[in-house]
Amino acid sequence: MAETVSYSDFERIEVRVGTIVDAQVFPEARKPAFKLVIDFGAEVGTRRSSAQLTVHYRADQLIGRQVCAVVNFPPRQIGPFISEVLTLGMPDDDGSVVLVKPDFKVPNGGRLF
């Protein structure tokens, strides 16, 4: 288990909801992945993310799906692609990623609290 953090530490991490508006196979990635474009609403805007979701999802199934992501980590270079947000997922029994998403449609840009 990770070390205990304060609530103020938690508040510094911005987890927001967005809608995937584009998803493409990312053939240059070391592990199978997609390049996502996610709309987080007016305040955050559209951001890009690389996500290893290929076990449970196809690119065409991802478009229009809401997801949760950390939007205030620094950008990360992944091969020729710059990932601007960390799309959140949880491992299934085999360690494959299952997306974290709200149960109901919510406005893009909503912040986790």
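Every heavy atom of this structure was used, including side-chain atoms; hydrogens, water molecules and symmetry mates were not. These numbers were taken from a predicted model, which means no experiment stands behind them.
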Original post:
Does Gln77 use its side chain to pair, donor to acceptor, with the backbone of Gly79 at less than 3.5 Å?
Top reply: yes

Identify every side-chain donor-acceptor pair in residues 91-102 under 3.5 Å, counting partners at least two apart or on other chains, and give the distances.
from: Asp92; atom 1: OD1; to: Asp94; atom 2: N; distance (Å): 2.8
from: Asp92; atom 1: OD1; to: Gly95; atom 2: N; distance (Å): 2.9
from: Asp92; atom 1: OD1; to: Ser96; atom 2: N; distance (Å): 2.9
from: Asp92; atom 1: OD2; to: His56; atom 2: NE2; distance (Å): 2.5

Original post:
Got more than 12 heavy atoms from elsewhere within 6.0 Å of CZ, Arg76?
Top reply: no

**OP:** Looking only at non-hydrogen atoms, find the nearest pair between Thr87 and Ile38 and report the distance.
**Re:** OG1-CD1, 3.6 Å

Original post:
Partners of Phe40 by ring pair (Phe, Tyr, Trp, His ring centres under 6.0 Å), sequence neighbours excluded?
Top reply: none

Subject >> Non-neighbouring partners of Ser50 that pass side-chain hydrogen bond (donor to acceptor under 3.5 Å, both in side chains), sequence neighbours left out >> reply: none

Subject >> Pairs involving residues 50-60, ordered by first then second residue, that meet salt bridge (Lys or Arg N to Asp or Glu O under 4.0 Å) (sequence neighbours left out) >> reply: Arg58-Asp60

**OP:** Please lay out, stage by stage, how Tyr57 and Arg65 fare under the test side chain to side chain contact (heavy atoms under 4.5 Å, CB included).
**Re:** CA-CA 11 Å; Tyr57 306 96; Arg65 183 181 296 254; 3.8 Å; yes

Original post:
What are the two closest non-hydrogen atoms of Ala33 and Thr54, and how far apart are they?
Top reply: N-CG2, 3.7 Å

**OP:** Quick one: do Leu53 and Leu62 satisfy side chain to side chain contact (heavy atoms under 4.5 Å, CB included)? Show the steps, please.
**Re:** CA-CA 10 Å; Leu53 307 172; Leu62 292 169; 4.2 Å; yes

Original post:
Listed by chain and number, what are the ring pair (Phe, Tyr, Trp, His ring centres under 6.0 Å) partners of Phe10, not counting sequence neighbours?
Top reply: Tyr7

Subject >> Closest heavy-atom pair and its distance - Phe26, Phe34 >> reply: CB-C, 4.0 Å

Subject >> Rounded distance (nearest 0.5 Å) linking atom CZ of Phe73 with atom CD of Glu84 >> reply: 14.5 Å

Original post:
What distance do Ile20 atom CD1 and Thr46 atom OG1 have between them, rounded to the nearest 0.5 Å?
Top reply: 12.5 Å

Subject >> Hydrophobic cluster identity match, Ile63 and Val21, side-chain contacts under 4.5 Å >> reply: no

Subject >> Over all atoms of both residues, closest heavy-atom pair of Val15 and Cys68 >> reply: CG1-CB, 4.1 Å

**OP:** Search all heavy atoms of Ser49 against all heavy atoms of Val85 and return the closest pair with its distance.
**Re:** OG-O, 3.1 Å

**OP:** Without swapping roles, check the side chain of Asn72 against the backbone of Glu14 for a donor-acceptor pair under 3.5 Å.
**Re:** yes

Subject >> Joint hydrophobic cluster, Leu86 plus Leu112, side-chain heavy atoms closer than 4.5 Å >> reply: yes

Original post:
Which heavy atom of Ala23 sits nearest a heavy atom of Leu36, and at what distance?
Top reply: CB-CD2, 3.7 Å

Original post:
Which residue pairs satisfy the salt bridge (Lys or Arg N to Asp or Glu O under 4.0 Å) criterion with at least one member in residues 28-49, sequence neighbours excluded?
Top reply: Arg16-Glu43

Original post:
Are Val67 and Met90 connected in a single hydrophobic cluster, I mean Ile/Leu/Val/Met/Phe/Trp/Tyr linked by side-chain heavy atoms less than 4.5 Å apart?
Top reply: no

Original post:
If you round to the nearest 0.5 Å, how far is OG1 of Thr4 from CE of Met1?
Top reply: 6.5 Å

